[in-house]
Amino acid sequence: MKQYDREIISIPASGTLDLIYKYDIHAHPDKKGYEYKNSLYYTFRGKGGIMERLYVIEEIFKLNPYDINMINNTIHDEKWKQRIIRYIEERKNTYGFNEPNTAYKFYILKFFIELKNKPKHPKQANHCYFTINELLSGKTELKVSNENTSVSYSNNSAFMAEEVSSNSTYFEGSVQKVLVNKYERNSKARQDCLKHYGYNCIVCDFNFEKAYGELAKGIIHVHHIKPLHEITNKYEVDPIKDLRPVCPNCHSVIHSRRPQYDIEELREILKQTK
């Protein structure tokens with residue numbers, strides 16, 4: 001279980017944005033002023049404060065970009081090493097490294113999702129923080145909330161889950177938290193739920209693939225009708241009766257109250273606000 005201080009960090013990329021997109025690498029001097037809070041997702045602001053992509057971090061290395069021996073001795077994954085070396089070579093010839101006698105932190109990025117609405121935050125020169133709901137709200141310009149969204153997260157992907165050998169019986173373990181939602185540990189139960197209900201949110205009918213295209217195919221949360229925090233032991237779950245597909249926004253609202261909102265109640269609230 002990994003702990004995170006914020007959901008999303010937004011970083012001004014200046015002249016390095018093209019290098020970030022080309023190599024999936026971000027680097028900054030390891031010194032005061034660059035103290036990032038530990039964040040689940042990373043995004044980078046280009047001209048006008050526009051954010052286009054969301055990333056997760058695979059690994060972080062502290063390196064001197066001018067010391068090839070240090071790079072060779074520190075990075076053992078050959079693909080990562082070659083990406084960093086190519087990034088360094090191109091950055092030396094373009095944006096440069098303004099702190100030649102300072103170690104740099106190098107972030108190995110993994111692309112997560114394209115931000116179709118390209119939200120922007122043009123009025124801040126340093127890094128800031130957003131929630132996932134703010135970034136995916138559909139707004140084109142965002143104000144910084146810097147909300148204290150401490151989160152916990154298991155494994156390396158919000159959509160990874162635990163497989164079981166049984167084809168007809170499914171068991172759920174204890175709750176784990178992903179962003180502001182409950183983490184469904186049994187992938188077979190999730191698959192059977194989605195096979196029955198499809199990938200549209202059962203509350204608002206939002207579909208990630210229709211909104212973002214092929215890259216977002218299959219993205220959806222699966223909600224437990226019976227809250228997992230009320231279950232202390234494993235239980236047999238029926239994917240049709242006990243689970244429903246919901247988008248992150250609706251899932252967040254469902255769990256914003258104790259007792260949680262039920263599906264029909266939230267549908268009615270949504271109708272009244274339209």
Side-chain angles (χ1 to χ4, degrees), residues 2 4 7-8 10 20-24 39-44 46 50-58 79 108-119 130-140 142 151 153-164 167 170 172 176-225 237-255 263 266-267 270:
K2 293 184 179 180
Y4 296 89
E7 291 182 8
I8 298 171
S10 174
I20 291 172
Y21 288 169
K22 184 175 181 179
Y23 296 106
D24 289 343
S39 302
L40 181 56
Y41 297 111
Y42 282 62
T43 187
F44 301 91
I50 294 174
M51 294 168 276
E52 298 179 305
R53 302 178 185 178
L54 207 59
Y55 293 90
V56 293
I57 300 297
E58 291 194 293
K79 290 182 179 179
I108 305 292
L109 307 171
K110 183 177 181 181
F111 176 78
F112 180 64
I113 194 171
E114 191 87 19
L115 299 172
K116 186 176 180 180
N117 61 312
K118 292 182 171 51
F130 297 102
T131 66
I132 189 70
N133 285 340
E134 288 169 335
L135 215 63
L136 299 181
S137 66
K139 295 180 181 178
T140 56
L142 302 178
V151 294
Y153 180 72
S154 179
N155 295 323
N156 296 318
S157 167
F159 307 104
M160 290 179 67
E162 178 183 331
E163 294 283 351
V164 294
N167 293 323
Y170 312 97
E172 296 293 341
Q176 295 180 13
K177 202 173 185 184
V178 181
L179 302 183
V180 289
N181 304 289
K182 301 303 179 185
Y183 180 68
E184 285 73 41
R185 295 187 63 205
N186 192 297
S187 62
K188 189 63 170 61
R190 170 189 165 87
Q191 290 166 12
D192 282 6
C193 168
L194 297 177
K195 183 178 179 180
H196 180 81
Y197 290 105
Y199 289 82
N200 286 21
C201 175
I202 204 76
V203 178
C204 70
D205 205 40
F206 180 82
N207 182 288
F208 272 90
E209 185 179 7
K210 288 180 181 178
Y212 293 97
E214 182 69 22
L215 66 92
K217 183 177 181 179
I219 295 179
I220 193 71
H221 285 190
V222 173
H223 168 65
H224 282 79
I225 300 298
V237 60
D238 185 316
I240 311 305
K241 294 181 179 179
D242 299 333
L243 306 178
R244 296 291 188 278
V246 292
C247 72
N249 284 353
C250 290
H251 208 178
S252 185
V253 175
I254 287 171
H255 289 288
I263 300 296
L266 199 57
R267 280 176 177 165
L270 196 59

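Numbering of residues begins at 1 and proceeds along the displayed sequence. Note that the coordinates shown come from a computational prediction; the quantities given were computed from them, not determined experimentally.
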Show your working on side-chain contact (heavy atoms from CB on, under 4.5 Å) between Y55 and F111 and close with a plain yes or no. CA-CA 5 Å; Y55 293 90; F111 176 78; 4.1 Å; yes

side-chain contact (heavy atoms from CB on, under 4.5 Å) for V246 and I220? Distances and angles first, verdict last. CA-CA 6 Å; V246 292; I220 193 71; 5.8 Å; no

Trace of the side-chain contact (heavy atoms from CB on, under 4.5 Å) decision for V222 with L194: CA-CA 8 Å; V222 173; L194 297 177; 4.1 Å; yes

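Side-chain atoms of Y41 never come within 3.5 Å of backbone atoms of S10 as a donor-acceptor pair (strictly under, hydrogens ignored). In this structure, E58 contributes its side chain and I108 its backbone to no donor-acceptor pair below 3.5 Å. A donor-acceptor pair is defined here as one N or O able to donate and one able to accept, closer than 3.5 Å; no such pair exists between the side chain of R190 and the backbone of P239. S39 contributes no side-chain N or O that, together with a main-chain N or O of Y42, makes up a donor-acceptor pair within less than 3.5 Å. Between the side chain of T43 and the main chain of R53, a donor-acceptor pair closer than 3.5 Å is present.
Judged purely by distance below 3.5 Å, without hydrogens or angles, the side chains of Y197 and R244 pair a donor atom with an acceptor atom.
For the atom pair SG of C247 and CD1 of I202, the computed distance is 11.5 Å after rounding to the nearest 0.5 Å. In this structure, N117 CG and L136 CG are separated by 7.5 Å, a value rounded to the nearest 0.5 Å. Between the CD1 atom in I113 and the CG atom in L54 there is a gap of 7.5 Å [rounded to 0.5 Å]. The distance from atom CD1 of I132 to atom CD of E134, rounded to the nearest 0.5 Å, is 10.0 Å. Rounding to the nearest 0.5 angstrom, the gap separating the CD atom in E52 from the NZ atom in K116 is 14.5 Å. Interatomic distance, SG of C193 versus NZ of K188, reported as 12.0 Å (0.5 Å rounding).
In this structure, C204 and L270 approach most closely via the heavy-atom pair CB-CD2, 3.5 Å. Across all their heavy atoms, D238 and I240 have their closest contact at OD1-N, 2.9 Å. Residues N207 and K210 come closest through the heavy atom pair OD1-N, 2.9 Å.
Inter-residue side-chain proximity for Y212 and K217 is flagged as unmet; no heavy-atom pair is nearer than 4.5 Å. Residues T140 and K118 form no side-chain contact, since every pair of their non-hydrogen atoms from C-beta on lies 4.5 Å or further apart. When side chains are defined from C-beta on, I254 counts as touching I263, because their heavy atoms get closer than 4.5 Å. For the pair L243/I225, no side-chain contact is recorded, criterion being any heavy-atom separation below 4.5 Å from C-beta on.
H255 and H251 have tilted rings, their planes meeting at an angle from 30° to 60° on a 0 to 90° scale.
In terms of the side-chain hydrogen bond (donor to acceptor under 3.5 Å, both in side chains) criterion, residue partners of Y23 (sequence neighbours excluded) are, by chain and number, E90.
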